[in-house]
K.L.:
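Handing you this structure, nothing more for now.
These numbers come from a predicted model, not from an experiment.
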Amino acid sequence: MLMNVKRVYALKEFTVEHRMKGWYFWRTYGGKDVVKGPYGSEASVTLMIARELRREIAKRDAAHQLPE
């Protein structure tokens with residue numbers, strides 16, 4: 001495997017909505033069946049989305065990692 005090869009990942013999109021009780025988000029094309037929230041601020045909801053994206057990148061990139 002080549003570690004210096006450029007890898008690009010198109011990540012899934014999210015929808016964010018502000019409601020009376022706080023901020024909620026879900027995958028735009030995955031449906032509203034898995035709504036996550038409420039979060040108290042824009043910063044909190046964006047941090048949670050960032051964590052989801054990080055897990056997705058790690059999962060996709062795992063196939064390119066060399067065994068330790």
K.L.:
What's the separation between atom NE2 in His18 and atom OH in Tyr24, rounded to the nearest 0.5 Å?
P.N.:
9.5 Å
K.L.:
Is the CZ atom of Arg54 crowded by more than 12 outside heavy atoms at less than 6.0 Å?
P.N.:
no
K.L.:
Closest heavy-atom contact between Pro38 and Gly22?
P.N.:
CB-CA, 4.2 Å
K.L.:
Taking Thr46 for its side chain and Glu42 for its backbone only, find out whether a donor-acceptor pair lies under 3.5 Å.
P.N.:
yes
K.L.:
When clusters are formed from ILVMFWY side-chain contacts under 4.5 Å, directly or step by step, what else is grouped with Trp23?
P.N.:
Tyr9, Leu11, Phe14, Val16, Phe25, Tyr39, Val45, Met48, Ile49, Leu53, Ile57
K.L.:
To the nearest 0.5 Å, tell me how far Glu52 CD sits from Arg27 CZ.
P.N.:
5.5 Å
